[in-house]
Amino acid sequence: MSDARKPFPFASFEPAWQARWDAEKTFRTPNPGDADFDPSKPKFFVLDMFPYPSGSGLHVGHPEGYTATDIIGRTKRRQGHNVLHPMGWDSFGLPAEQYAIKTGQHPAITTVANIATFKRQLKALGFGYDWDREIATTDPEFVRWTQWIFLQLYTSYFDEEAGKAKPVAELEAKGWTREQIDAVRLAFVHEAPVNWSPDLGTVLANEEVEEWRSKGHIVERRPLRQWMLRITKYAQRLIDELDPLDWPEGIKLLQKNWIGRSEGAEVDFQIDGHTVTVFTTRPDTLFGATYMVLAPEHPYVAEITTAEQKDAVEAYIKACAAKSDLERGDMNKDKSGVFTGAFATNPVNGEQIPVWIADYVMMGYGTGAIMAVPAHDERDFEFAKKFELPIVQVVQPAGDADWQGYTDPGAAVNSGFLDGLPTAEAKAKIIDWLEQNGKGKRRVQYKLRDWLFSRQRYWGEPFPLTWKDGHHHAVPDSELPLLAPPLDDYKPSGTPEPLLSKARDWVELPDGSIRETNTMPQWAGSCWYYLRYCDPRNSSRFISNEAERYWSGSSAEAKGAGGSPATGMVDLYVGGTEHAVLHLLYARFWHKVLHDLGHVSTNEPFQKLVNQGLILGEDGQKMSKSRGNVVNPDDVVKEYGADALRLYEMFMGPLEQVKPWQMKGVEGVSRFLARVWRVAFEENQAGEWVVSSKIQDVPCSDKALLKALLKVVHETVKKVTEDIARMSFNTAISQMMVCTNAFTAAAVVPLNEFRLLLHVLNPFAPHLSEEIHARLGGSAMLANMDWPTHDEAALVTDELELVVQVNGKLRDKITVGKDADAATVEAAALAAPKVKEQTDGKTIRKVIVVPGRLVNIVAN
RNA sequence: GGCGGCUUGGCGGAAUUGGUAGACGCGCUCGACUCAAAAUCGAGUUCUAACGAGUGUGGGUUCGAGUCCCACAGCCGCUACCA
């Protein structure tokens, strides 16, 4: 379609407005200390999850959340807030490096090119970002502070008593040895079985395994020496401190389940002089423990196995090691296991119970050993049946349920001093007994593991650490950023040796030290990027105290709500659900450490979180290249314009909902925008758009004919304002369509009232609204004008239409004066012709009048 | 298996606190304009010839239920032997 044939000339005015916003820095956000900073304005920090600038460019999923935050940001700005709405790039990551392996091109080069594409695409959508605050996690200045924060973790430990992080310097002062301190740092070296991917050439966090495996990569368990972050120390706070956050309950639950707190007890069993501790959430069933199971990797297995069982046990362990986690975790598969020949003593009754090893017990959770109570645990029940182990009832079910395999609470039986106690009381009593007799103790267990933080890849932040004589040391702050040297060959070696170790000159230092050659995972940058936006060019601190305090201050909204002050720094964070347990958990952890150390004043990073729903292809399937259902935003902008794309994505349905793309729907909103355009302009003989003769600068309120129009306009201002506040964008657009239809039908369009529509349309379709406003003689940009308020008086009508129901069914409608009292309304309702028909010959039992809404007559 | 979400016309969806179910848009039908078509404008469009029926299914609470309660089914997502 040539521009002339397009329903309105978006292709010429959209880039012009974008250029003007750029040139005038319309969306620049002043910081405290700036000349144009106005301390009387409340702050509003609205954040998008910044994109990874992939080679394939922007996806239609990106503008969904970005348009939502843009609407909120533009509106808040016009409502008198100092709005921080920044954008940046999560630019470290595996794809750039894999591209480098193929082409030999340095990842920095591809990254710069990809960022340029993303930026061009985002600018073409007219988002009101403060581009002066743009950041990229790969910028040396950004890397510097990522490394600095890592060193904060490295030089801190978790003080159990205070429940917070403190500098290890305090321990040094108390005379702790280096070894003792190294054992408690929040960043520490640990040799453990990790998720190693030979074809990616790196280890992965537990949370990442599934993602890469589903992309076809191999991930196997392998013991390696790795850097870990002690996130487990924060498990309880990460659960508790979710409470005051305004997040979807589903996401909170997902995090809680991921952290996986369970309460129970550790119980000590004796095996040939060894003490083997098990963890159980059901210590009340201790009398029913008829055997014990150790994980195949359990350290005592070799020692306790008898000579007769040695071969079988070793064969089983070997078979388990060969199995991938996926195979091992397959629920449908039969239980397997081998008897060790050893017996353990049940501490509560002295019974000798056989000790088995089985792969349904994991070394990584609890103590790697369990007491098996087959009568009241599904897995143990299944295992006992298969291997014909004894099953002893110790819980009496509440109802008449079968006790075999009964796992719910009941009453203790066959349990000595616990008999008759309900499960909860039995638990408390047995734990007291265990503690008094030194045979166990109360224990809270979490599923969350420490965060495996090192990677062996090139395109990430190097660890700012060196090694000498087997000890690690921090690189001084003055030497940050520590940048990786360029390499000629980025190919993984297939061994766990980090890629950076190839750069001998870089690794070996003159004093005989060597550099740590691991790099950080992509999460590192995204753990704190939102902080950097607040003070992006600060070269002496990651964020100045002043900027930190200002952008952390409780938002006006939180204060106005009268509730507790906001605990999170960012007022609104919008992004996809896929980050529910990774980025959102990691960032909370870092923020808490920084808070504990006094670097940030809030306890949480993100006060309010909203998840946008996935946009599916036209076929209702997830968009993917292989299905051929991918929609490219560039094509949509070219055909229909940026405003149409923005508006369509908001009109599709509720932001949080999963919804399919429909190109016909884009046409629909494009037609709506064209209708708005044609209210203002008509084409003359020469094919030029000139101001429509319908547009008249006349007062509206005193003309009876225009009263209905006035009402619609003010309803629209009211509804759009409210709908933006509750992020119900689809209904706001629907209301603007109603308003536009009213203007289209009107013979005269009063200029001031039409401008009100442009005002509220502005955050949704910024280019079109500014263009029409300017062409109609508006001198200031809408973006710089105050947000309009509606006139309550314009909304009231003299008469109301009420619905009349008989026995709950709609039968008639009546019109009454707006101030009619209940008796008048009731009389009018009973007199309505269709109501008379329905009630004829019946007795009126009751009449319910809902003022302003309806009348229901109960008759029989 | 566990947890979460969803289920309203031919389609996307609306109904904010229990009060006119189907706003708005798409599609479709008819009309105006046109030699004709596109575009645009206007009228109509839950089903049913009608009586009536109707928000996944069955029950309940209520004067009144898409909305609240109980049970069930289907679809989607996440998670997975967590002791």
Side-chain angles (χ1 to χ4, degrees), chain A residues 5 7 210 248-254 256-258 260-262 264 278-282 285 293 295 325-326 328-333 335 358-362 364-373 377-380 382-383 407 445-448 577-578 580-581 611 613-614 616 620 622 648 651-654 656-669 671-672 674-675 678 683 719 722-723 726 728 730-738 740-741 744-745 801-813 845-848 850-859:
Chain A
R5 286 203 52 203
E210 214 32 62
E249 283 307 315
I251 300 292
K252 286 190 184 182
L253 209 60
L254 224 48
K256 283 183 192 168
N257 291 345
W258 187 268
R261 179 193 159 101
S262 46
V278 304
F279 173 70
T280 177
T281 55
R282 292 297 300 274
T285 62
V293 186
D325 276 10
L326 205 65
R328 224 179 127 161
D330 195 346
M331 260 279 274
N332 300 326
K333 259 182 25 31
K335 291 272 182 295
D359 66 359
Y360 81 92
V361 174
M362 308 286 150
Y365 181 74
T367 59
I370 63 157
M371 63 177 215
V373 184
D377 181 279
E378 269 176 56
R379 295 149 300 176
D380 298 345
E382 211 182 302
F383 191 84
T407 57
Q445 179 68 41
Y446 301 91
K447 277 201 279 183
L448 185 72
T577 345
E578 67 273 18
V581 283
N611 288 120
L614 204 63
L616 305 174
K622 214 169 183 169
Y648 173 64
F651 188 59
M652 291 173 84
E656 304 85 344
Q657 201 165 297
V658 178
K659 41 210 178 279
W661 185 272
Q662 293 187 325
M663 208 50 100
K664 282 283 183 192
V666 186
E667 279 180 40
V669 292
R671 265 202 285 273
F672 158 65
R675 278 163 80 90
R678 284 196 311 269
E683 247 178 322
K719 183 156 175 61
E722 288 168 358
D723 284 355
R726 63 191 183 104
S728 177
N730 54 332
T731 53
I733 294 165
S734 156
Q735 181 62 37
M736 291 189 282
M737 286 173 167
V738 170
T740 303
N741 291 344
T744 300
E801 188 182 63
L802 299 187
V803 162
V804 186
Q805 296 178 337
V806 178
N807 295 329
K809 283 193 194 332
L810 172 63
R811 294 300 180 186
D812 211 338
K813 291 178 183 179
R845 299 284 171 197
K846 199 171 176 185
V847 179
I848 294 132
V850 182
R853 288 215 181 251
L854 57 64
V855 183
N856 189 17
I857 295 159
V858 186

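Hydrogens, waters and symmetry mates are skipped; everything else that's a heavy atom, side chains included, is used. Here is how names work: the chains are called A, B, and so on, in the same order as the sequence lines, proteins then strands, and each is numbered from 1.
Considering only side-chain atoms of A/Arg379, the nucleotide from B/U40, B/C82, B/U20 that sits closest is B/C82. Comparing atom distances between the A/Gln662 side chain and each of B/C41, B/G19, B/C11 picks out B/C11 as nearest. Of the listed nucleotides (B/C26, B/C63, B/C81), B/C81 has the atom at the smallest distance from the side chain of A/Tyr360. Comparing B/C82, B/A14, B/C24 by their closest approach to the side chain of A/Thr731 singles out B/A14. Here B/A83 is the nucleotide among B/C24, B/A83, B/C26 with the atom lying nearest to any side-chain atom of A/Phe279. Side-chain proximity of A/Asn741 to B/U16, B/C24, B/C41: nearest is B/C24. When distances are taken from the side chain of A/Asp377 to each of B/U40, B/G13, B/A83, the shortest belongs to B/A83. Ranking B/G12, B/G27, B/A83 by closeness to the A/Arg671 side chain, first place goes to B/G27. Considering only side-chain atoms of A/Ser262, the nucleotide from B/U20, B/G42, B/A83 that sits closest is B/A83.
Counting to the nearest Å, the P atom of B/C24 and the CD atom of A/Glu667 are 20 Å from each other. For the pair A/Arg726 CZ and B/U17 P, the computed distance is 9 Å after rounding to whole Å. Whole-Å rounding puts the A/Glu578 CD to B/G5 C1' distance at 16 Å. For the pair A/Glu656 CD and B/G13 P, the interatomic distance rounds to 13 Å; values are reported in whole Å. For A/Asn730 and B/C26, the CG to P distance is 15 Å, given to the nearest whole Å. Between A/Ile848 atom CD1 and B/G18 atom P the separation is 16 Å, expressed in whole Å. Between the CD atom of A/Gln735 and the P atom of B/G25 there is a distance of 11 Å, given to the nearest Å. Taking atom OH of A/Tyr648 as the reference point, atom C1' of B/G25 lies 10 Å away to the nearest angstrom.
A/Leu253 comes within contact range of the sugar-phosphate backbone alone, with a heavy-atom separation under 4.0 Å but no base atom that close. No contact: A/Arg845 has no heavy atom under 4.0 Å from any strand. Among the protein residues, A/Thr577 comes within range of no part of the nucleic acid, since none of its heavy atoms lies under 4.0 Å from any strand. No contact: A/Val373 has no heavy atom under 4.0 Å from any strand. Using a 4.0 Å heavy-atom distance criterion, A/Gly260 is classed as making no nucleic acid contact. Across all strands shown, A/Lys447 has heavy atoms under 4.0 Å from base atoms, whether or not it also approaches the sugar-phosphate. Among the protein residues, A/Arg675 comes within range of the sugar-phosphate backbone only, with heavy atoms under 4.0 Å from sugar or phosphate atoms but none that close to a base. Using a 4.0 Å heavy-atom distance criterion, A/Val850 is classed as a base contact. Backbone-only engagement by A/Asn257 is indicated by non-hydrogen atom pairs under 4.0 Å involving sugar-phosphate atoms exclusively. Using a 4.0 Å heavy-atom criterion, one finds that A/Lys719 contacts the bases of the nucleic acid, with or without backbone contacts as well. Within 4.0 Å of A/Gln805, counting heavy atoms only, lies at least one base atom of the nucleic acid.
Under the 3.5 Å distance criterion, the side-chain polar atoms of A/Asn856 are left unmatched by any main-chain donor or acceptor of A/Ile848.
Pairing of B/G19, defined by two Watson-Crick or G-U wobble distances under 3.5 Å, is identified with B/C63. B/G77 and B/C3 make up a base pair, with Watson-Crick or G-U wobble contacts both under 3.5 Å. Across every strand in view, B/G58 sits in a pair with B/C70 that passes the Watson-Crick or G-U test at under 3.5 angstrom. For B/U29, the paired nucleotide is B/A43, the pair qualifying as Watson-Crick or G-U wobble because both relevant distances are below 3.5 Å.
Remark: A/Lys659 is not in phosphate contact with B/G12, judged by side-chain N or O atoms under 4.0 Å from OP1 or OP2. At least one side-chain nitrogen or oxygen of A/Arg678 sits closer than 4.0 Å to the OP1 or OP2 atom of B/C41.
Rounded to whole Å, the separation between the C1' atoms of B/U48 and B/A37 comes to 37 Å. With both ends at atom C1', the span from B/G66 to B/C33 equals 43 Å, rounded to whole Å. B/G9 and B/U79 have their C1' atoms separated by 36 Å, with the value rounded to a whole Å. Nucleotides B/G18 and B/G4, compared at atom C1', are 26 Å apart to the nearest Å. Taking the P atom of each, B/G10 and B/G42 are spaced 27 Å apart, rounded to whole Å. Spacing of P atoms, B/G1 relative to B/A49, comes out at 44 Å, to the nearest Å. To the nearest whole angstrom, the two P atoms, one in B/U67 and one in B/U61, are 15 Å apart. The P atoms of B/G74 and B/A53 are separated by 30 Å, rounded to the nearest whole Å.
A glycosidic torsion no more than 90° from 0 defines the syn conformation, and B/G9 adopts it.
Checking A/Pro654 against A/Gly364, the closest nucleotide of RNA chain B that is more toward the 5' end is the one next to A/Pro654. Each of A/Met737 and A/Gly368 lies near RNA chain B, and the nucleotide nearest A/Met737 is the one positioned closer to the 5' end.
Two residues are said to be in side-chain contact when any heavy atoms from C-beta on lie closer than 4.5 Å; A/Arg678 and A/Thr744 fail this criterion. No side-chain heavy atom of A/Met371 sits under 4.5 Å from any side-chain heavy atom of A/Asp380.
Side-chain contact, A/Thr731 with A/Asp723: a donor N or O sits under 3.5 Å from an acceptor N or O.
The environment of A/Lys622 atom NZ is sparse: at most 12 non-hydrogen atoms of other residues, nucleotides or ligands sit within 6.0 angstrom. For A/Arg853, the CZ atom counts as loosely surrounded, since its 6.0 Å shell holds 12 or fewer non-hydrogen atoms of other residues, nucleotides or ligands.
Expressed to the nearest 0.5 Å, how far CG of A/Asp377 lies from CD1 of A/Ile370 amounts to 6.5 Å. From A/Phe651, atom CZ reaches atom CD of A/Gln662 across 11.0 Å, with rounding to the nearest 0.5 Å. Between A/Glu578 atom CD and A/Leu614 atom CG the span is 8.0 Å, to the nearest 0.5 Å.
In this structure, A/Tyr360 and A/Phe383 have tilted ring planes: the angle between them lies in the 30° to 60° band.
You'll find a donor-acceptor pair under 3.5 Å spanning the side chain of A/Lys335 and the base of B/C81, going by distance alone. In terms of polar N and O atoms assigned as donor or acceptor, the side chain of A/Ser734 never comes within less than 3.5 Å of the base of B/A14 in a complementary pairing.
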